[in-house]
Amino acid sequence: MDSKLDSINLQQRKIECQKIMQSHPNQIPIILENDKEINDSKTMENRFLVPKRFKFQEFIFNLRKNMNLPKTSALFISIGGHLPALDKTMISIYDEFKNPDGFLYVRYSSESALG
Amino acid sequence: MVSHKIGNWYRSVAGVFMSQPKESHFLEAGTMTPEEFLIAGDQLVHRCPTWTWNASAPGYEQKHLPADKQFLITRGVPCRKRINAIGENEVEERETEDGWIVAEILGPREEPDEIVISKAQISNEEEEVPDLADLQGQELIDENAAEPAVLFGNQYISAEEPVESIMKTRVYDLSVTYDTYYQTPRMWLTGYDEHMNPLTPDMMFDDIMGDYAHKTVTIERHPCLGTDQVSIHPCNHAKMMKHFIDMLESNGSQAQVHHAIFVFLKFLSSVVPTIEYDFTMDLSLE
């Protein structure tokens, strides 16, 4: 994972992840990474805990809300090089694509690509 | 945009007379040649059998495409709830001290789309296997289905299901044509209510994300069918595709033209998020 988190070693990240998962047993810890720095979402929080039962679609909906994206912007989200089906639950995506450190890394970029 | 409407007539005429590109500009511009549209369409039909190639209505044949592969269509796609029923109210968010944004589902989660068959029913009615022919347009196998006793789909109407959710279920026929002016795929929608009466455009706007309705969505003549339909305007589709191609490139891989219609459908699902055509597709970019 070529993220800023490289500076923290795997073991530390694992511990942090276990801690957060213990305190939120029904949520999945997600770290959002911007694909490029050209984004219009300004500085947003990039750490999310979402319900395991969330559908991928709900996650995207929520993300859009948090990012305050103009509704005519397209949001590109890939997880482990995949564009998951919208009806997958976050727990099934997590099981498939989680990082060895326990976090789920989600890449996004956005573009006002429609309209 | 107002300019769409002014330009539509010009483009529909100009598109007919413009010579269609032979050389690929997919990677540098995100546009597609008719040949690339065919490749991507074949791939879609192969991977998602709910989509099929169709011939045009007599008099509306597109010369740049084979007679039996004029446009792509999928019929009877369920749309179980309106957009304003998603999201809002169901989720509460708060921020933790160490900067995590926590989303929580409020109250018991309603799952009107899933009907639980009780064990008694299953053991007594083993022979009552639903007729496959009645399930057209539905994905029969859901690899991710966790509970075996839960069947997906609105086709099993049971007494337990709230009447309201049945009433709201609409279906859509979606088609994808090749836009000769913008040289991209273009999506068209025809919706029906629960009694299979056609929806008016205004009713269909309930299923289109707020800001898109009336802006990027226009009512125009379907090039292959000749009927007036709601369409998602393709003016920025190439730019969107190009953005996706660049994103892949920055990740060290190259976009494949046969993925193009999958990608196109993925992105349009943010315009019509409750129309469930996309729900079974999981696209690997590798």
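Lettering follows sequence order; numbering is per chain, from 1.
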Please give me the minimum heavy-atom distance between [X] and [Y], naming the atom from each residue.
| X | Y | result |
| --- | --- | --- |
| A/Pro84 | B/Lys266 | O-NZ, 2.9 Å |
| A/Asn66 | B/Glu93 | ND2-OE2, 2.9 Å |
| A/Gln57 | B/Thr274 | NE2-N, 4.2 Å |
| A/Gln27 | B/Ala103 | NE2-O, 2.7 Å |
| A/Phe103 | B/Trp100 | CE2-CH2, 3.4 Å |

Relative to chain B, which of A/Val50, A/Thr89, A/Ile30, A/Asn62 shows the most heavy atom pairs under 4.5 Å?
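The answer is A/Asn62.
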By a 4.5 Å heavy-atom criterion (distance strictly below it), what part of A/Ile60 contacts chain B: side chain, backbone, both, or neither?
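Neither part.
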